[in-house]
Amino acid sequence: MRRLVKLAMQKPELASAMLLLVLVVLFQIRSEGVFLSVNNVRGFLGLLPETALVAVGVTLLMISGEFDLSVGSVFALMPMTMAVLVVAGWPFWAAVAVGLMLCAVIGFLNGWLTIRFDIPSFITTLGMLFMARSLTVVISGGFPPRIKPGEVPSWIFVGFVDEGGLIRASVLWFIAIAILISLLLSRTNFGNWVRATGGFLPAASAMGIPTGKVKIACFMICSVLAGFAGMIQSLRLNSFLPSIGEGMELQAVAAAVIGGTSLVGGVGSIIGGLIGAILIRVIDNGMVMSQIDSNWFKFAIGALTIFAVVGNAWLRRRGRAMKVETDK
Amino acid sequence: MNTPIIETRDLHKWYSGVHALKGVSLKVDSGEAVGLVGDNGAGKSTLINILSGLHHQDSGDILVEGKPADIRSPRDAMRLGIETIYQYNSMVPLMTISRNVFIGREPLKWSIGGIGILDERKMREESVKAIADVDLHLRSPDALVGELSGGQRQGVAIARAMHFKSKVMILDEPTNHLSVKETAKVIGFVKGLKAQGVTSIFISHNMHHVFACCNRIVAMALGKVVLDKPAADTSIEEVSALL
């Protein structure tokens with residue numbers, strides 16, 4: 001039993017999951033049952049995959065020891081590129097492919113510049129944040145492109161999959177991708193390299209791991225996921241705005257940190273990042289539903305981020321210090 | 001006689017204007033335990049970094065088992081059977097023992113283009129065996145390396161090198177920051193290597209540690225080899241005087 005408690009205390013995801021449960025119950029009571037009503041859950045599930053996909057990519061990248069501040073801009077650039085191409089007469093799938101490829105190129109540049117010139121990714125991706133956002137506005141030409149409903153097969157990404165109209169395809173896409181990335185991190189040699197690279201770079205490179213390539217791959221996965229998430233949001237709203245995703249980069253970092261990912265790399269899990277993203281969405285939505293002044297939202301996220309890091313460090317120390325029988 | 005397992009010929013290395021290695025020629029025979037001593041900045045680490053693939057010499061040749069070897073990366077060195085155990089540990093503290101043992105050389109169930117699913121059972125079983133082979137007894141291959149003592153970590157690193165059938169093991173200051181007891185343990189590991197026919201190069205600036213487990217002493221000073229004798233024919237006093 002003590003051993004179980006010790007293990008649990010060293011798993012930061014668990015504390016966040018518990019907090020999540022408490023908040024759901026609290027919001028459900030305070031909103032007089034509206035929080036878990038079908039209509040609210042539908043809205044919640046529409047928005048969740050978009051934030052959570054970005055958080056998954058950012059979490060993976062942070063475990064490898066790097067940062068990406070450009071995800072919010074890539075979130076807007078990908079659907080804008082796609083929409084502009086569709087309006088110009090390109091087939092939908094070709095436009096999607098070009099959009100995702102552009103994200104991969106941005107991720108590659110983020111990684112390559114960071115590794116090649118040995119500069120903090122904080123700076124590289126801060127630059128990319130501005131460049132990608134600017135590019136989004138430039139290619140839109142100042143006027144958001146209009147795609148008529150039904151003109152593109154957006155149901156594949158955002159159509160409702162059940163009779164009651166509760167779950168969108170985006171939820172399934174998101175679950176599948178999250179499982180895939182999670183397996184990539186925990187079950188493959190690539191995942192081992194990511195953890196080693198972020199955990200202790202000198203050891204990883206001394207053992208012959210191509211640490212530069214590993215980081216670049218993580219940058220690319222992170223960018224592609226951010227672009228994909230932006231596409232889902234734009235298709236769901238059927239509007240292609242150059243301003244979406246602003247501030248998303250920091251929310252994604254907050255989600256990863258709340259879920260127990262370390263800022264210096266090596267520590268963290270995809271499920272933790274997910275729980276962090278869900279927490280952020282629950283707080284956002286729950287506050288509105290409980291009729292709390294929504295201007296407090298950012299305050300709550302900020303406080304939670306600090307609390308999570310302090311709390312996780314404390315739990316980990318307590319967990320490690322806990323004595324368990326070591327015979328056998 | 002036998003061809004040396006490693007031979008360097010007139011190695012030179014400059015670091016941004018500093019002439020760190022000034023023509024180092026060295027032969028190491030199979031099964032030897034060579035102690036490489038020298039003060040800080042004598043060129044020991046530079047020589048080791050070149051042999052382990054972290055740096056490349058500016059001029060000179062390396063021969064492994066008589067064949068010219070171009071060592072460009074740690075992977076090249078490992079492929080040639082040269083494994084290095086560093087002062088600052090070649091382990092990731094936040095990963096488990098079994099994952100650390102197989103870092104960069106993971107057994108896979110199947111793979112596409114070099115990326116694939118880990119064979120975690122094999123990793124666990126073989127790391128337990130490898131660790132037991134160097135006479136180290138650890139509770140579980142799932143323990144984090146960060147929870148081990150310094151001496152145990154060096155033991156795991158040596159077990160890893162043994163598991164991958166390294167022919168030459170380079171130990172770069174493996175006894176630094178270790179307690180007396182732990183140091184004795186590491187020296188025991190090095191003696192064990194000799195018994196198993198593994199060639200070792202033991203780097204330290206602690207003469208006592210080197211004389212305790214090596215049969216040949218090579219001393220370096222200011223980028224050059226200044227002494228190269230069987231340990232029986234020299235003494236701590238003679239070597240110290242040269243450094």
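Just so we're on the same page: letters track the sequence lines, and every chain starts at 1. Every value quoted in this text rests on a predicted model; they were computed, and no experiment measured them.
Residue-environment remark: CZ (Phe164(B)) exceeds the threshold of 12 foreign heavy atoms within 6.0 Å. Within 6.0 Å of atom OH in Tyr15(B), more than 12 heavy atoms from other residues, nucleotides or ligands are found, so the atom counts as buried in its surroundings. No more than 12 heavy atoms of other residues, nucleotides or ligands sit less than 6.0 Å from atom NZ of Lys122(B). Crowding of Asp70(B) atom CG: a count of heavy atoms from other residues, nucleotides or ligands under 6.0 Å exceeding 12.
For the set Ser186(A), Gly208(A), Ala204(A), Gly266(A), the count of heavy-atom pairs under 4.5 angstrom toward chain B peaks at Gly208(A). Counting heavy-atom pairs closer than 4.5 Å to chain B, the top residue among Gly191(A), Ala196(A), Gly199(A) is Ala196(A). Options Gly116(B), Ser140(B), Ser52(B) differ in how many heavy-atom pairs under 4.5 Å they form with chain A, and the most are formed by Gly116(B).
Taken from CD in Glu106(B) to CD1 in Ile209(A), the straight-line distance is 6.5 Å, to the nearest 0.5 Å. Atoms CG and OG, on Leu54(B) and Ser205(A) in that order, are 7.0 Å from each other to the nearest 0.5 Å.
Between Pro74(B) and Ala206(A) the shortest heavy-atom distance is CB-O, 3.3 Å.
Only the side chain of Leu108(B) comes within contact range of chain A, judged by heavy atoms closer than 4.5 Å.
Of the residues Met91(B), Arg75(B), Arg160(B), the one that meets the side chain to side chain contact (heavy atoms under 4.5 Å, CB included) test with Met207(A) is Arg160(B).
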Residue pair Phe200(A), Met95(B): steps toward the side-chain contact (heavy atoms from CB on, under 4.5 Å) verdict: CA-CA 10 Å; Phe200(A) 191 43; Met95(B) 289 169 66; over 6 Å; no

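Side-chain N or O atoms of Asn189(A) include none that pairs as donor or acceptor with a backbone N or O of Ile115(B) at under 3.5 Å.
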